[in-house]
There are 2 protein chains.
Amino acid sequence: MSRPEPSRGRTGRPPLTSRPQILAAARRIIDRDGWEKLTVRRLAAELGIGTTTLYHHVRDREDLLIQLLNEHADRTLALDLPREPRERIVAAATAIHDSLAAWPWAAEVLTTDGFLGRLGKSSLRMVEAVLAGAVDHGCTPEQAVHVFRSIWYFTVGEILVRARSTGTDGERPAFFAGVDMSGLPRLAALGERWPELAARDTYPRALRSFVDGLLAGTAPRPSNS
Amino acid sequence: MSRPEPSRGRTGRPPLTSRPQILAAARRIIDRDGWEKLTVRRLAAELGIGTTTLYHHVRDREDLLIQLLNEHADRTLALDLPREPRERIVAAATAIHDSLAAWPWAAEVLTTDGFLGRLGKSSLRMVEAVLAGAVDHGCTPEQAVHVFRSIWYFTVGEILVRARSTGTDGERPAFFAGVDMSGLPRLAALGERWPELAARDTYPRALRSFVDGLLAGTAPRPSNS
DNA sequence: ACCTGAACACCGTTCAAGT
DNA sequence: ACCTGAACACCGTTCAAGT
């Protein structure tokens, strides 16, 4: 896993490609060409190495993406969190959300199996904060996991849906064109205002409602003594 | 869009491939080989036609998937909903959830831009039900859209994350293996119980909490007169 | 009007071999 | 120990042509 010092006497050819180099090249591609263009083949080309060489440094494409995400998390999740339980939960969830919203390509990796077990320390700190906030509020560990998972699903859903929504609203033709609106009065009344309303950033407000709803079931801890 | 009667005199060769045939073949592939195998090329092969012929009947792969989803919705969302606003919202969201949970491949299409505008009547009925429930509870149209979107994000997130989670728990090695747990006491205390807790189906409970939280902000309508 | 093969421009990953 | 080209087994989509 860790690379040896170049000065230490060792057998074999010294590596020409390092993990930080690979991640830097990947970021370069994303910034320059868009994250859709980050493929194993292009990344190798960017590094000036053979495609297959990359497979000595990353297990597969998914592994590359998770390493990239963890590095991103290290840079964006190093913040202090409030002490009060509810505010702690809200702040941690918001940090996760904002971090992911800035990297919509993260969507590809968010839903992989066993994702949590492959997360780095920075991300796990945020998971811990939500769990601790819930427990401090009076939740059992089981309830705390439920609180975390609920918030996680909502956050992932928000990111994934909005990541694919074009910001190019304005010149788009009738959103509900060709849809038969009979029997759908509320939807019909909204009509073409829908795209505008759907584009609003309502994550913070919805998050607070959700946290309130989740914590309402469990009695808050009695103040000490 | 609609196909002509074969008996009516018309110019040109009669079509050998119809929309229902295509959708039936697609379902056959999904049931037999798994939804990952549903590709344009395989579908054409299943139908016994050239790959390019398919492009006369569907605009592209995404269009095929949305047609398939709408057909699925027609078969699964034809249910009655309770009249009481809160129960109406919960029932509609649960119907959407259960319908999607049964077809995890729907994940591929859920997040496409302008998705709502391409939905069929059965799905829009559920959207309408959530909006109507919120308005009947006392929400403004703007708030009702907020309620729908919040529930939608949560539902999509739950489906997408759980769709990729293997049900093959039991023989999997240590979930948090190799993770440094120092400074993460709540997570450490949970330890290897995490996969078991994360596998629980908590959607209904979390949904109720969310709906409660979302409706709490808006005063319930005064009973009539 | 409907259908087609060939081609374009790609993918991720593995193998056996080279230095 | 590290790197490699070639190959495998695919993708979605477009074009110009055939019946």
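Chain identifiers are assigned alphabetically (A, B, ...) following the order of the sequence lines, protein sequences preceding nucleic acid strands; residue numbering begins at 1 within each chain. Side chains are part of it too, since the values below use all heavy atoms of this structure and drop only hydrogens, waters and symmetry mates. Quick caveat: nothing in here was measured; it's all calculated off a predicted structure.
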Would you please test A:Phe176 and A:Leu190 for side-chain contact (heavy atoms from CB on, under 4.5 Å) and show each step?
CA-CA 10 Å; A:Phe176 283 123; A:Leu190 255 358; 6.0 Å; no
Tell me the interatomic distance from B:Ile22, atom CD1, to C:dC2, atom P, rounded to whole angstroms.
12 Å
Spell out yes or no: do the side chain of A:His56 and the base of D:dC3 have one donor N/O and one acceptor N/O closer than 3.5 Å?
yes
Would you call B:Arg19-B:Glu71 a salt bridge at under 4.0 Å N-O?
no
Whole angstrom is fine here: how far is it from CD1 in A:Ile29 over to C1' in C:dC10?
15 Å
Between A:Arg42 and A:Thr52, name the one whose nearest nucleotide on DNA chain C is closer to the 5' end.
A:Arg42
Can you confirm whether B:Arg208 is buried at CZ, in the sense that more than 12 heavy atoms of other residues, nucleotides or ligands lie under 6.0 Å from that atom?
no
Under 4.0 Å between a side-chain N/O of A:Arg61 and OP1 or OP2 of C:dC11, yes or no?
no
Just the rounded figure in Å: distance from P of D:dG5 to CD1 of A:Ile49.
10 Å
Find the partner of D:dC15: check Watson-Crick (N1-N3 plus N6-O4 or O6-N4) and G-U wobble (N1-O2, O6-N3) distances, both under 3.5 Å, and reply none if neither fits.
C:dG5
Considering every strand and a 4.0 Å limit on heavy-atom distances, what is the contact class for A:Arg59: base, sugar-phosphate, or nothing?
nothing
Walking DNA chain D from its 5' end, the first of A:Arg41 and A:Gly50 to be reached, judged by nearest nucleotide, is A:Gly50
Is the shortest side-chain N/O distance from A:Thr53 to OP1 or OP2 of D:dT4 below 4.0 Å?
yes
Rounded to whole Å, how long is the line connecting atom CG of A:Asp60 with atom P of C:dC11?
17 Å
Assign A:Thr39 to base, sugar-phosphate, or nothing according to its heavy-atom contacts below 4.0 angstrom with the strands shown.
sugar-phosphate
Hey, what's the ring geometry for B:Tyr153 with A:Phe154, parallel, tilted or perpendicular (30° and 60° as the breaks)?
tilted
Take atom NZ of B:Lys37 and atom P of D:dA9, then tell me their distance rounded to the nearest Å.
13 Å
Determine whether any donor atom in the side chain of A:Thr51 lies under 3.5 Å from an acceptor atom in the base of C:dG12, or the reverse, and answer yes or no.
no
Find the distance B:Leu43:CG to D:dC11:P and express it as a whole number of Å.
12 Å
Check the distance between D:dG12's C1' and B:Leu65's CG and give it to me in whole angstrom.
13 Å
